[in-house]
J.: 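Before I ask anything, let me first share the structure, which is written out below as structure tokens.
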Amino acid sequence: MLITIVVELKDQPGQLLKALEPISRFGGNIVSVYHQRDKITPLKRIPVEITIQIDEKRVNDLIEAIRKNGVIVRSYNEVRLTATTSLLLIGHIIHTDLGDTINRIDSTGFAEVVDMHISMPQLNQPSTAMVTISATNEEKLKRAIEILKNTCREKDITVIEPLELQ
Amino acid sequence: MIKIAIFGFGAVGQGVAEVLLTKRDSLRRLIGDFKVVAVTDSRGGIVDENGVDLAKALEIKRKNKRLPEGITTLDVIESLDFDVCIEVTVTNIEHGEPGLTHIRECLKRGINVVTSNKGPLVVAYSKLADLADRNDAKLMFEATVGGAMPIIKLVKNDLAGNEIYAIKGILNGTCNYILSRMEKEKLSYDQILAEAKELGIAEADPTYDVEGIDAAAKLVIIANSLMGMNVKFDDVERVGITKITPEAFEVAMDKGYTIRLIAEVDRAEGVLRVSPRLIPIQHPLAISGTLNAALIKTDLAGDVVVVGKGAGSKETASAIVSDLVELYRC
Ligand SMILES: NC(=O)c1ccc[n+]([C@@H]2O[C@H](COP(=O)([O-])OP(=O)(O)OC[C@H]3O[C@@H](n4cnc5c(N)ncnc54)[C@H](OP(=O)(O)O)[C@@H]3O)[C@@H](O)[C@H]2O)c1
């Protein structure tokens, strides 16, 4: 799942690494790191918002590990994906690196592929996939669809969009 | 006495002539007395200031495949006195000719125009609308979009005062036939296309329909004439139906969707495109066969849906005659 963690870092070299190091150790992917320099605390610490993609079951251990590194974790929250839609892809979906196609959505930090149903008629024939994407809101969902459309244009995959976004 | 000239004597021109013949009396009660003073095709025509014998013109055209030579449409426009032209010549969406010149020359002279020809409107809608205004003439084009399905006058008259947010429609009967047959029969695109050609629903070269060109042309007319936009054919994002597979329908059906080619214009979202879309099976646009349909989103009336026959000689004549009645209703 997608979570954001807000940590407070001292304004010294090497601080950020302390917060980021455990993330890869627990199999997380960093989506974005945002320094809130305008929100410096009275003790001159900088709040940093880190968004990551990680297995839900490992979140607590991760937070624990970050704290063990001496970093203050102010808060952490699941990013709520409230807008969802399904699209149909037709083409050589597998041969054109399906993992990459999905990753281009998942790495945005605001949307992810939550479901996928693939039908492959025969070898070397175009396959069909129903892909369900969720995003933090409808605006972001539209951006995710644009990213998917551009990716599919590169890969010569036909995208069939829904008539309306529910 | 309303003097009518018919330019183009193919399926639609002949359909109009037949309706004017068979419904002469009821039409007279609606618009008063009328006569057709000229009928032309690509190589000739018949002119008679006292009224062309339409039954005879139809017979000649059907027997000889052509009207008598020696007259051109431009001769008729330059030399004959008439009130309204029915422009039903061949469509060309790149340069609009020959219809564009016919319409322009008529409007310049203050002659009203009723047309089913998309070409001139796609190429030069705003110029033609201006020209009509300046010369106190009317340009009517219900038949260019959706055949018998009412949409142009529906929006201009019956939904007058509404703001039109968006229009989403099925504007090509050939594509809709192919897709709805693929949905039912689970056969490939090529198999259903072959069937459609055999039935005369698809042309020998189906590119114009299946690549979404026809639907995009109609969308341009809708956007410019009903939504106050100023767009060109090349502004339309366009994807056809040739890549759609029977498996796509199966996968879509599992989730409660079917697939249709939808033309969509949405002002606020900046959308102008023709592309295959997932449609919930219960949705009013999930229609089958060669029908056309449109969903019109408005501020006051909410959503309005129309469905009707999108092509055919009699059906297109219906739209043309309704324009004629609108122009001259007593
Ligand atoms: N058929 C439909 O269901 C339908 C529906 C909506 C809109 N439309 C539109 O309506 C128009 C007519 O369609 P259609 O099905 O009747 O086409 P069609 O059967 O091909 O007829 C076209 C007619 O235009 C004539 N023509 C070509 N150049 C001309 C010129 N310079 N002057 C006078 N006539 C000329 C042709 O003459 P010849 O007979 O000598 O070849 C023919 O009679 C097209 O623009 C089409 O897109 C058709």
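Just so it is clear, the structure is predicted and the values come from calculations on it, not from any experiment. Here is the naming used below: chain letters follow the sequence lines, and residue numbers restart at 1 for every chain.
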J.: Say you draw a straight line from CD1 of A:Ile160 to CZ of B:Arg277; how long is it, rounded to the nearest 0.5 Å?
T.: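 Those atoms lie 10.5 Å apart.
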J.: With a 4.5 angstrom heavy-atom cut-off, is it the side chain or the backbone of B:Glu250 that approaches chain A, or both, or neither?
T.: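 Contact with chain A: none, neither part.
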J.: Taking everything shown except B:Glu203 itself, do over 12 heavy atoms lie less than 6.0 Å from its CD?
T.: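 No.
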J.: Nearest 0.5 Å, what's the NZ-CD1 distance between B:Lys243 and A:Ile90?
T.: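 Spacing of NZ (B:Lys243) from CD1 (A:Ile90) equals 9.5 Å.
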J.: Heavy-atom count check: over 12 atoms from other residues, nucleotides or ligands less than 6.0 Å from B:Gln282 CD?
T.: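 Count not over threshold, so no.
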J.: Side chain from CB out, backbone as N, CA, C, O: work out which of these in B:Ser275 comes under 4.5 Å of a heavy atom of chain A, or both, or neither.
T.: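 The answer is neither part of B:Ser275.
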J.: Counting only heavy atoms not in B:Met253, do more than 12 sit closer than 6.0 Å to its CE atom?
T.: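 Atom CE in B:Met253 is packed in, count exceeds 12.
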J.: Between B:Thr245 and A:Pro126, which heavy-atom pair has the shortest distance, and what is it?
T.: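 Heavy atoms of B:Thr245 and A:Pro126 come nearest at CG2-CG, 4.3 Å.
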J.: Decide if atom NZ of A:Lys155 counts as having more than 12 heavy atoms of other residues, nucleotides or ligands within a radius under 6.0 Å.
T.: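 More than 12 within 6.0 Å, yes.
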J.: Taking heavy atoms only and a threshold strictly under 4.5 Å, list by residue number the residues of residues 36-62 of chain A that touch chain B; give 'none' if the list is empty.
T.: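 Residues of residues 36-62 of chain A touching chain B at under 4.5 Å: none.
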J.: Report yes if the side chains of A:Glu161 and B:Glu264 come closer than 4.5 Å at any heavy-atom pair, otherwise no.
T.: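 They are not in contact (no side-chain heavy atoms under 4.5 Å apart), so the answer is no.
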J.: If I measure from the heavy atoms of chain B, does A:Leu88 come under 4.5 Å with its side chain, its backbone, both, or neither?
T.: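 Both parts, heavy atoms under 4.5 Å.
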J.: Against chain A, label B:Ile244 side chain, backbone, both or neither, depending on which of its atoms sit under 4.5 Å from a heavy atom there.
T.: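 Both parts, backbone and side chain.
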J.: Taking the basic N atoms (NZ, or NE/NH1/NH2) and the acidic carboxylate oxygens, is any pair closer than 4.0 Å for B:Glu237 and A:Lys149?
T.: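 So B:Glu237 pairs with A:Lys149 through a salt bridge.
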J.: Given B:Asp254 and A:Met130, is the side chain to side chain contact (heavy atoms under 4.5 Å, CB included) satisfied, shown in steps?
T.: CA-CA 10 Å; B:Asp254 279 349; A:Met130 181 69 97; over 6 Å; no
J.: Tell me, for B:Lys168 versus chain A, whether the close heavy atoms (under 4.5 Å) come from the side chain, the backbone, both or neither.
T.: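 B:Lys168 touches chain A through side-chain heavy atoms alone.
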J.: Distance check, rounded to the nearest 0.5 Å: B:Glu247 atom CD versus A:Gln125 atom CD?
T.: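 Here the interatomic distance stands at 8.0 Å.
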J.: Could you state the interatomic distance from CD (A:Glu164) to CG (B:Leu278), rounded to the nearest 0.5 Å?
T.: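 CG of B:Leu278 is found 12.0 Å from CD of A:Glu164.
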J.: Can you name the residues of residues 108-117 of chain A that have some heavy atom under 4.5 Å away from a heavy atom in chain B?
T.: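 Residues in range: A:Asp115, A:His117.
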J.: Side chain, backbone, both or neither: which part of A:Ile118 has a non-hydrogen atom closer than 4.5 Å to chain B?
T.: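 A:Ile118 has no heavy atom closer than 4.5 Å to chain B.
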